[in-house]
Undergrad: 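Shown below is the structure under consideration.
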Amino acid sequence: MTKEQIASLVEQLQGLKKYEWERIAQQVNLYFALKAAKLELDDSEELKRNLEVEFNLRRYSDVIAKTE
């Protein structure tokens, strides 16, 4: 985000009630979830490496070294 976008967003959020924000956030999350539902996994090797790092079966530095 740019500084201008952040300033505009903050200006628009001022005075917003919590329940209003929750309704907005819910709709934005729903929109992204629907878009994400159309995605497919395409790089199983990258997923495998990331899962190995996540579950401490591989170090992150090992992943970086192999991708360079």
Undergrad: Would Glu4 and Ser8 satisfy side-chain hydrogen bond (donor to acceptor under 3.5 Å, both in side chains), going step by step from the backbone distance to the final call?
TA: CA-CA 6 Å; Glu4 292 80 16; Ser8 175; over 6 Å; no
Undergrad: Looking at residues at least two apart in the chain, or sitting in another chain, which of them share a side-chain hydrogen bond (donor to acceptor under 3.5 Å, both in side chains) with Gln27?
TA: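 In terms of side-chain hydrogen bond (donor to acceptor under 3.5 Å, both in side chains), with neighbours along the sequence ignored, Gln27 is linked to no residue.
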Undergrad: Name every donor-acceptor pair, under 3.5 Å, that has one atom in a side chain of residues 33-44 and the other anywhere in the protein, sequence neighbours excluded.
TA:
{"unit_1": "Asp43", "atom_1": "OD1", "unit_2": "Glu45", "atom_2": "N", "d": "3.4"}
{"unit_1": "Asp43", "atom_1": "OD1", "unit_2": "Glu46", "atom_2": "N", "d": "3.1"}

Undergrad: If two hydrophobic side chains count as joined below 4.5 Å and joins carry through other members, does Ile6 share a cluster with Leu13?
TA: yes
Undergrad: Of all residues at least two apart in sequence or in a different chain, which pass the side chain to side chain contact (heavy atoms under 4.5 Å, CB included) check with Phe55?
TA: Leu51, Leu57
Undergrad: Could you grab the distance from atom NZ of Lys48 to atom CZ of Arg58, nearest 0.5 Å is fine?
TA: 7.0 Å
Undergrad: If you group Ile, Leu, Val, Met, Phe, Trp and Tyr whenever their side-chain heavy atoms sit less than 4.5 Å apart, what else falls in with Tyr31?
TA: none
Undergrad: Once rounded to the nearest 0.5 Å, what's the spacing between atom CG of Leu16 and atom CZ of Arg23?
TA: 10.5 Å
Undergrad: State which residues pass salt bridge (charged side-chain N to carboxylate O under 4.0 Å, His left out) with Glu20; sequence neighbours excluded, sorted by chain then number.
TA: none
Undergrad: The criterion is side chain to side chain contact (heavy atoms under 4.5 Å, CB included); which residues satisfy it with Gln5, sequence neighbours excluded?
TA: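 Residues passing side chain to side chain contact (heavy atoms under 4.5 Å, CB included) with Gln5: Met1, Thr2.
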Undergrad: Applying the 4.5 Å side-chain criterion to the ILVMFWY set and letting contacts propagate, would Trp21 and Leu30 be lumped into a single cluster?
TA: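 No, no single cluster joins them.
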